[in-house]
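Everything quoted here is computed from the prediction, not taken from an experiment.
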Amino acid sequence: MPVRNHLFSGNSQTIDQIHPLKNFLLVLLLPLAFACGLSKPDSEVQFPKLISEGMVLQRDQPIKIWGRGIPDKKIRASLAGAIVSSKVLEDSTWFVHLPPLPAGGPYELLVNTQTVKDVYIGDVWVAGGQSNMEWPLKAGVIGAEEEFAKPDFPMIRFFKVAKDYSVEEKSDVSDGQWKVANAENLPDFSAVAWFFAKKNHLEKGVPVGVIESNWGGTPAEGWTEIGVLAEIADRSYSAEVAEIIESHEKWKVTLAENEERRTLRDSLINQPDSAKAAEVSSVNYSNANWRSISLPADNPLEHIAWVRKKFQLSSTEEAVLTLPNVQQMAYFYVNGKQVHYKDWGAAVPEIKIPSEILLQGENVLAIRAVNGWNNKPEIGSSDSMFLTQNEKKINLEGTWTYANNVVEPQLPNVEYYNWKPGFMFNAMIAPLTHYAIKGVIWYQGESNAGKADEYRELFGAMITNWRARWEIGDFPFLFVQLANFMERKSPQPESEWAYIRESQTQTLELPATGMATIIDIGEAEDIHPRNKKDVGERLWLQAKKVAFREKILASGPVFDSLRVGGDELILTFTEVGEGLKLTSGSEVLGFTVEDAAGRFESVMGEIASKNQIRLKTPKGFEPVGVRYAWADNPEVNLVNNLNLPAVPFRAKLEEKQE
């Protein structure tokens, strides 16, 4: 196979030529192969889905290639001038280990007679967690349109692991393929992972591969090997762990039956039959056997929800439909014509209804809504359901007709067994562990809120578990601390989210970990903040420090010590860079003091020096502790010169952070 130079094109940067090492390998390995009298193996081999066209392999680490073949047959693999050989084992599996290779490409991986094309070598990251990591660029992400305007980054590739779960470990993922960053694929990429990968690519000038293995609403125990969980006693998941281990065969049957129902459900919720939809949404369709409901009062609905609303128009001029709250996926029709499709996570824009499909007199709006998450679709919200034509508003609230078993059958019941301890690890993590990676980026914790007392132990056990299974040492594990969310309350000493954030901070005790704090970019009414760019780029700062060992400022101010000075508390911080500053106002927000009786009061602070904050305690209040940003949705304004927010904490007098 010829070894080729490659220069980045489009938005990409140039990789330095790396041929001296490749030529060295060729000189060293080729004569050795011929001297041994090896003939070229020609038996067929099979690869796992990760090892496929367009893949990115990790640079500067040994590269493992594996698959299946005919027992006892020879295996020879070559890539970028390196040639290695092996033999298929009795269980039909084979492995070869290529030496560390520098960044470059495109190459061809040749194993016996099979060729994998368009292979690059660069940095590879696993992007794990729940919905905030899964959240795609197309789903209303701030700044997404700028990314879509310049989408072509041929050296950035994503592999989306198909959602799956299993009671036993799988050797391969159920589905997935490498996709290059372009106009077609980019909208579906994880937004957090995209902003992270783009920084990695542009700053390091290397190809970047992201393996997305994430699933919305999932707890950490679902991503942890069940044998590891079994060694942790008396936890909320312990009984389930024991039952799964004891009833292994029963669970295989249960999951198979559930999977059949899921396959049926997914086939039903896909795009409706166009002819049927046109009929159901037409003005002349008879809905006499539909129910009468009131929207939005009767939300949520169930199954595949079809609703119809008749309205009168005095002209056929263009109209605009305003109906922003529809969960999760929906098709909109007017007079039998589709006017919009809302995908999962996408916002509903103001929908323009062209004049050619409108009628003078009676018209009908029909909506088909499905919620694949909990089978409870919602349509509409108060004061946000109306049509506008010639500046005249037509209210759509009130009576609609509704059917969920007339047009299409009701959906089968599908359980979310993927949340069970170890099930996602078995199907979505274990099959990846032969693939060399630079590290992991992780955004999760929402589904473990309320269990902070065990989350620190669980999260740390999961990280240690993954590192043990990958067998490449303590690879960088970079994670996002939970954002601010929900109603703002102050003080809120028993905030479940604050306790989870503390557990996440404590996880930094593990080696080669880094945390991106985003206590300043959340949204009170949405658990999915649309600002994903800052999240990805703050993770990248941690990667530069932890993974690439750059001596940089990568975190917001971190509490260091606390002392009493008369009726004042003096707090000292590290990671301040050029000094503490405020994003708004003249007083430091977000601090609460605690007395020995367990009473809490919010207090204002002021910047006393480059790295210190001064708090004035209330008269007659004798503090024994202080907390910062300790609430579900705290109001904060303390940052360093990089505008990175101070890390939430709680501390006792004369003590370091707990």
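The pair D188-K179 does not meet the salt-bridge criterion, since no charged nitrogen lies less than 4.0 angstrom from a carboxylate oxygen. Between R456 and E502 no salt bridge is recorded (no basic side-chain N to carboxylate O distance below 4.0 Å). Salt-bridge annotation for R262 and E259: present, with a side-chain N of the basic residue lying under 4.0 Å from a carboxylate O of the acidic one. A salt bridge between E550 and K204 is present, with a side-chain N of the basic residue lying under 4.0 Å from a carboxylate O of the acidic one.
In this structure W497 satisfies the ring-ring contact (aromatic ring centres under 6.0 Å, His included) test together with F485, sequence neighbours excluded.
Within the 6.0 Å centre-distance limit, the rings of Y499 and W630 are counted as a close aromatic pair. For W135 and Y443, the ring centers sit 6.0 Å or farther from each other.
Put simply, the side chain of E378 never gets that close to the backbone of V326: no donor and acceptor are under 3.5 Å apart.
A donor atom on one side chain and an acceptor atom on the other are found under 3.5 Å apart for N465 and E225. Donor-acceptor pairing under 3.5 Å is lacking for the side chains of W178 and E53. D123 and Q58 share a donor-acceptor pair across their side chains, judged by distance under 3.5 Å alone.
Judged by the 6.0 Å distance and 45° axis criteria, K438 is positioned over the aromatic ring of F548.
The side chain to side chain donor-acceptor pair (under 3.5 Å) test with K581 is passed by exactly one of N641, N640, N643, N637: N643.
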